[in-house]
Each structure stands twice: as C-alpha cells, then as structure tokens.
Amino acid sequence: MLKQTILVDSPLGIHLRPATAMCDQAIKYKSKISFNYGDGKTAKSVISILASSVKCGQEIVLEADGEDEEEAINAVAQAFKESLKND
C-alpha cells in the first residue's frame with residue numbers, strides 16, 4: 001500500500017474538475033485507490049470527493065493498494081495537480 005499527501009493550493013479548493021480528473025485516472029488501474037481527508041474520512045467517487053468540501057490549504061492523502069499501485073498513485077496525483085493549473 002502506498003500513500004501520497006498533497007496540499008490543496010487552489011483558491012477554489014477541490015471542485016468538479018480535479019475530482020473528475022482523479023476519478024478518470026483511478027479507473028484505469030487495477031489497484032484500489034481512495035482519497036482520504038479530514039479526520040480519517042474516505043471518498044472514492046466524484047460525488048463523494050465533491051462532498052468532502054476540501055478547501056485551499058488543507059491536505060488530502062491518496063492511497064493505492066494493488067499490483068500497479070505506484071503507477072496508479074502517481075498518475076492520480078499528477079492528474080489532480082494538472083487539473084488545478086488554471087485556477
């Protein structure tokens with residue numbers, strides 16, 4: 001199992017574009033991927049990620065577990081970061 005912590009630095013926090021980007025990448029891999037935030041809360045879908053209401057300055061933790069976990073977690077993290085470049 002791999003984990004990667006990411007600081008949300010978008011003034012908009014997490015919104016539809018990054019939530020969709022993460023989920024679109026996550027479904028490409030065999031590993032189980034989750035998005036953890038707050039005090040141990042977990043989200044796995046676009047709707048639940050949006051419902052997390054993560055704001056600018058907060059951290060999220062991506063977690064991947066499976067045969068392609070390293071590739072998966074890197075791709076999901078990169079998709080998230082790329083999706084926020086225009087904010």
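Note that the structure is predicted; figures quoted are calculated from it, not measured.
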Could you go step by step and tell me if Ile49 and Met22 meet the side-chain contact (heavy atoms from CB on, under 4.5 Å) rule? CA-CA 9 Å; Ile49 293 171; Met22 285 190 292; 4.0 Å; yes
Between Lys44 and Lys32, does a side-chain contact (heavy atoms from CB on, under 4.5 Å) hold up when you go through it step by step? CA-CA 9 Å; Lys44 295 182 181 179; Lys32 178 181 172 186; 3.2 Å; yes
Let's go through Thr42 and Asn36 carefully: what are the C-alpha distance in whole Å and the side-chain angles of both, what is the deciding distance for side-chain hydrogen bond (donor to acceptor under 3.5 Å, both in side chains) to 0.1 Å, and is it a yes or a no? CA-CA 4 Å; Thr42 301; Asn36 304 307; 2.8 Å; yes
Report the C-alpha separation of Val8 and Phe80 in whole Å, then their side-chain angles, then the decisive distance to 0.1 Å, and conclude whether the side-chain contact (heavy atoms from CB on, under 4.5 Å) test is met. CA-CA 9 Å; Val8 177; Phe80 174 75; 4.0 Å; yes
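Expressed to the nearest 0.5 Å, how far CG of Asp65 lies from NZ of Lys3 amounts to 10.5 Å. Lys30 contributes atom NZ, which lies 11.0 Å from atom CD of Glu71 (distance to the nearest 0.5 angstrom).
With a 4.5 Å cut-off on side-chain heavy atoms, Leu2 and Glu63 do not count as touching. Counting heavy atoms from C-beta outward, Ile14 and Phe35 have side chains that approach closer than 4.5 Å.
Between the side chain of Ser31 and the backbone N or O of Glu69, at least one donor-acceptor pair lies under 3.5 Å. In this structure, the side chain of Asp68 does not engage the main chain of Tyr29 through any donor-acceptor pair within 3.5 Å.
In this structure, Gln4 places its CD atom where more than 12 heavy-atom neighbours from other residues, nucleotides or ligands lie under 6.0 Å away.
Checked options Leu84, Ile60, Val61, Val76; the residue passing with Ile6 is Ile60 (criterion: side chain to side chain contact (heavy atoms under 4.5 Å, CB included)).
Among pairs with a residue in residues 51-62, none fulfils side-chain hydrogen bond (donor to acceptor under 3.5 Å, both in side chains), at least two apart in sequence or across chains. For residues 7-24, the pairs satisfying side-chain hydrogen bond (donor to acceptor under 3.5 Å, both in side chains) are Ser10-Asp87, His15-Asp87, Arg17-Asp87, with sequence neighbours left out.
Between Ile33 and Ala64, the shortest heavy-atom distance links the atoms CG1-CB, 4.2 Å. Closest of all the heavy-atom pairs between Cys23 and Ser45 is SG-C, 3.7 Å. The two residues Leu7 and Gly57 have their closest heavy-atom pair at CD1-O, 3.4 Å.
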